[in-house]
Amino acid sequence: MSIKENQLKIYNSLGRKKEDFIPINSPHVGMYVCGPTVYGDAHLGHARPGVAFDLIFRYLKHLGYKVRYVRNITDVGHLENDADFGEDKIEKKARLEQLEPMEIAQYYSDRYMDNMDSLNILRPSIQPRASGHIIEQMEMVDKILDAGFAYKVNGSVYFDVVKYNETHNYGELSGRNIEEALENTRELEGQQEKHSNVDFAIWKKASAEHIMRWNSPWGSGFPGWHMECSAMSTKYLGETFDIHGGGMDLRFPHHESEIAQSVAANGKEPVKYWIHNNMVTINGQKMGKSLGNFITLDEFFTGTHNILDRAYEPMTIRFFMLQAHYRSTVDFSNEALQAAHKGFEKLMKADDSLEQLKTATTSDFDVAQWQEKCYAAMDDDFNSPILIAHLFDAVKYINSIKGGKMKISAADLALLTTSFRTFVFEILGLRKDKSAGDGSQLSAKLIDLMLSVRHQAKLDKNWATADEIRNQLSNLGILIKDTKEGSEWELA
RNA sequence: GGUCUCUUGGCCGAGUGGCUAGGCAACGGUCUGCAAAACCGUCUACCCCGGUUCGAAUCCGGGAGAGACCUCCA
């Protein structure tokens, strides 16, 4: 399979500039993205990296790359508060609800995947769980100890950031200067075990009441915060791979520490291109669990959060996110989502119209050049908003042909149809939601019956009856749309 | 406090040294028995103050405001 000729550029967080995308082992591409910690329902913020990296995954595949996409499920290891008093997040929830920790993790990861499916996010090639890779994480801890970049204290193992920084640059990704950080020492409590407060645990001793624990050479415990991603990315993608993604909030300390761990253990930089998606904000502020200002995806789909004016289809949310570039923040509001909903509908209707277009001998629009512009948008760091703008140019053209104001040749129509659909469905990953068909067959037939009665009334110029039917159906939430071809209906 | 980012028309949101994205809303029109829907058209913005330049919303400096990270976080 050949790679489609392209000039794909990717903004690399490591270096903060756009670079030509040249895979290490073309046509193979390895991509690792930080997935969710499964101790709660996915919210709008989780949809952002889901959609962003799905777009990247889809486009790379479209270009002909063979992509192995790995997205982890974190079901152990995240500490709350500081290290000494922290307890595993999953364990805490379990104790509160009297359930097995793994039961919670399974429940929420299933729900997460259902949500992602709704958003038409392709499943990654591998979705490894942290709890299933304890051995690999212990092996990596061992390697870091052997390399001399970690030390053992009371059954825990800490990464020696200060020592690492003597020969490497801890802070290369986040633009931090550790020496400065050390000078502005803040008083931190309960950190006597660490040689320095910039050090972090790579293996943590489990307290007596800690349920999620594994035996290790250092005693009974669990892996540190950042180990899972280093261990699993190395296992499935190799010591050096092409793309590592995640939310911007993970840049420090999570990704910075991942780099340090991999370099310490394997002696080489793990990632060629770091890609970070920006946040979803609500009233200008980051939507997040700790801030308590999040809306879950299920609440969006059902409209059950009191801040929501209505329910929003998954595709509305997907389109809403694709209308912003992945590196920009995107601000939630009902108004913005309703605008996205309408725009999306317009796009889908234009797709339907493609079937009905009549061809001519010439075209009034340079379809080949239009296609080039679409590729140029995607090649420029996956610029979906620009692509969507071009798609709406095509929509306007399609509608003008339909209205008899412009012409298209048969060859151009074929090209327009395939490219339009490729970009809309294959690359942007949009999908027509089965909406009107949701009602029972019987209801649909009854509505059609009412419409034919109304049609006859209109032919008889019996406007009172025609309007009565329209109004009554409207009261039931069924919207009549009169077109030249006859009447259509949809659920409001 | 430190590091970094952002500030675009009624709203959302691209872009970037000259060629004036796009969506939604609004307004005008076409269509329609009326209405809605649909479609077409119109609407020329870039926080403030300096500077560089033939030319800046775009580059540089200063100011104001907002946000992210520095603790788990998508």
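Just so we're on the same page: letters track the sequence lines, and every chain starts at 1. Just the heavy atoms: all of them, side chains too, but no hydrogens, waters or symmetry mates, feed the values below.
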Identify each atom pair where a protein N or O and an N or O of nucleotides 26-28 of chain B are less than 3.5 Å apart, giving names and distance.
none

Pairwise C1' distance for rA57(B) and rG18(B), with rounding to whole Å: 12 Å
Integer angstrom distance from the C1' of rG9(B) to that of rG50(B): 26 Å
Side chain to side chain donor-acceptor pair (under 3.5 Å) involving D54(A) - partner list, sequence neighbours excluded: R58(A), R318(A)
Same-atom distance (C1') from rG29(B) to rU20(B), integer angstrom: 25 Å
The side chain of R48(A) is closest to which nucleotide in this list: rA14(B), rA68(B), rA74(B)? rA74(B)
More than 12 non-hydrogen atoms from neighbouring residues, nucleotides or ligands closer than 6.0 Å to NE2 on H455(A), yes or no? no
Watson-Crick or G-U wobble partner for rA14(B), using a 3.5 Å limit on both distances? none
Which whole number of Å gives the distance between the P atom of rU44(B) and that of rU53(B)? 32 Å
Protein proximity profile, nucleotides 30-41 of chain B - base contact B, sugar-phosphate-only contact S, no contact -, cut-off 4.0 Å on heavy atoms: -S-BBBBB-SSS
Can you check the distance between rC24(B) and rA35(B), where both ends of the measurement are the P atom (answer in whole Å)? 23 Å
Return no unless some side-chain N or O of N383(A) is found under 4.0 Å from OP1 or OP2 of rG15(B). yes
Pairwise C1' distance, rC60(B) and rU52(B) [rounded to whole Å]: 7 Å
T37(A) vs rA74(B): side-chain N/O to OP1/OP2 distance below 4.0 Å: yes
Phosphate OP1/OP2 of rA14(B): any S328(A) side-chain N/O under 4.0 Å: yes
Would you kindly say whether D364(A) and Y397(A) are connected by a side-chain donor-acceptor distance under 3.5 Å? no
Same-atom distance (P) from rC12(B) to rU30(B), integer angstrom: 33 Å
